[in-house]
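In this text, all values refer to a predicted model and were calculated from it rather than measured experimentally.
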Amino acid sequence: VKLAESGGDSVQAGGSLTLSCVASHNIVTPYCMGWLRQAPGREREGVGFINSDGDSGYRESVKGRFTIFRDHVKNTLYLQMNNLKPEDTAMYYCAADPEWSRDWSPCGVDGPWPYTSWGQGSQVTVSS
């Protein structure tokens with residue numbers, strides 16, 4: 001499956017953005033999907049995930065500010081980001097494992113991630 005992100009922009013601290021990730025075809029059960037980010041000079045880190053078991057999770061620094069949700073009809077995964085901070089500045093990637101199995105690989109915020117499909121990234125810049 002091919003993934004394409006959009007929605008990245010430059011905003012001031014305290015602002016909001018919603019990133020979108022459109023899949024080339026519908027991802028059906030079972031699946032693990034998530035958002036990750038990478039800032040210059042830093043390693044890629046998980047932002048949050050959802051899976052077909054109904055589980056979800058977020059890294060501590062974004063809890064209460066970021067929300068991941070999915071529109072099955074539009075084959076789209078979203079990352080809603082509120083109260084953005086300069087430290088949220090990064091390239092944001094969506095990723096998916098459309099054949100995920102809990103028995104074989106974890107689906108969580110931190111790696112190792114099970115993702116086999118990745119988007120090209122969408123830049124988010126937050127100024128103070």
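Grouping Ile, Leu, Val, Met, Phe, Trp and Tyr residues whose side-chain heavy atoms lie under 4.5 Å apart, directly or via other members, leaves V22 alone, with no other cluster members.
Considering only residues two or more places apart in sequence or on other chains, D71 meets the salt bridge (Lys or Arg N to Asp or Glu O under 4.0 Å) condition with none of them. With sequence neighbours left out, the salt bridge (Lys or Arg N to Asp or Glu O under 4.0 Å) criterion links E60 to K63. With sequence neighbours excluded, no residue satisfies ring pair (Phe, Tyr, Trp, His ring centres under 6.0 Å) with F66. Every residue two or more places apart in sequence or in another chain that forms a salt bridge (Lys or Arg N to Asp or Glu O under 4.0 Å) with D53 is listed here: R102. Contacts of K85 classified as salt bridge (Lys or Arg N to Asp or Glu O under 4.0 Å), with partners at least two apart in sequence or in another chain: none. Under the rule for a side chain to side chain donor-acceptor pair (under 3.5 Å), the partners of T125 that lie at least two apart in sequence or sit in another chain are Q123.
Crowding of E45 atom CD: a count of heavy atoms from other residues, nucleotides or ligands under 6.0 Å exceeding 12.
Between D110 and R59, the closest heavy-atom pair is OD1-NH1, 4.3 Å. Closest of all the heavy-atom pairs between L19 and S122 is CD2-OG, 4.1 Å. Residues A95 and L36 share a closest heavy-atom pair of CB-CD1, 3.9 Å. When all heavy atoms of C107 and N51 are compared, the closest pair comes out as SG-CB, 3.7 Å. Pairing each heavy atom of S52 with each of P30, the nearest pair is OG-CA, 3.2 Å. Here the closest heavy-atom approach between residue S105 and residue W100 is recorded as O-NE1, 2.9 Å.
The disulfide bond (SG atoms under 2.5 Å apart) analysis of residues 54-98, with sequence neighbours excluded, yields the pairs C21-C94. Sorted by first and then second residue, the ring-ring contact (aromatic ring centres under 6.0 Å, His included) pairs involving residues 27-57 (not counting sequence neighbours) form an empty list. For residues 88-98, the set of pairs meeting the side chain to side chain donor-acceptor pair (under 3.5 Å) definition, not counting sequence neighbours, comprises R37-D88, R37-Y92, R65-D88.
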Listing, residues 74-84 side-chain donor-acceptor contacts under 3.5 Å, not counting sequence neighbours, or none:
unit_1 : atom_1 : unit_2 : atom_2 : d
T76    : OG1    : K74    : O      : 2.8
N82    : OD1    : S16    : OG     : 3.0

Please list, one pair per line, the donor and acceptor atoms closer than 3.5 Å that link side chains of residues 113-121 to other protein atoms, with sequence neighbours excluded.
unit_1 : atom_1 : unit_2 : atom_2 : d
W113   : NE1    : V109   : O      : 2.8
S117   : OG     : V1     : O      : 3.0
Q120   : NE2    : E5     : O      : 3.1

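Atom CE in M33 sits 14.0 Å away from atom OG in S56 (nearest 0.5 Å).
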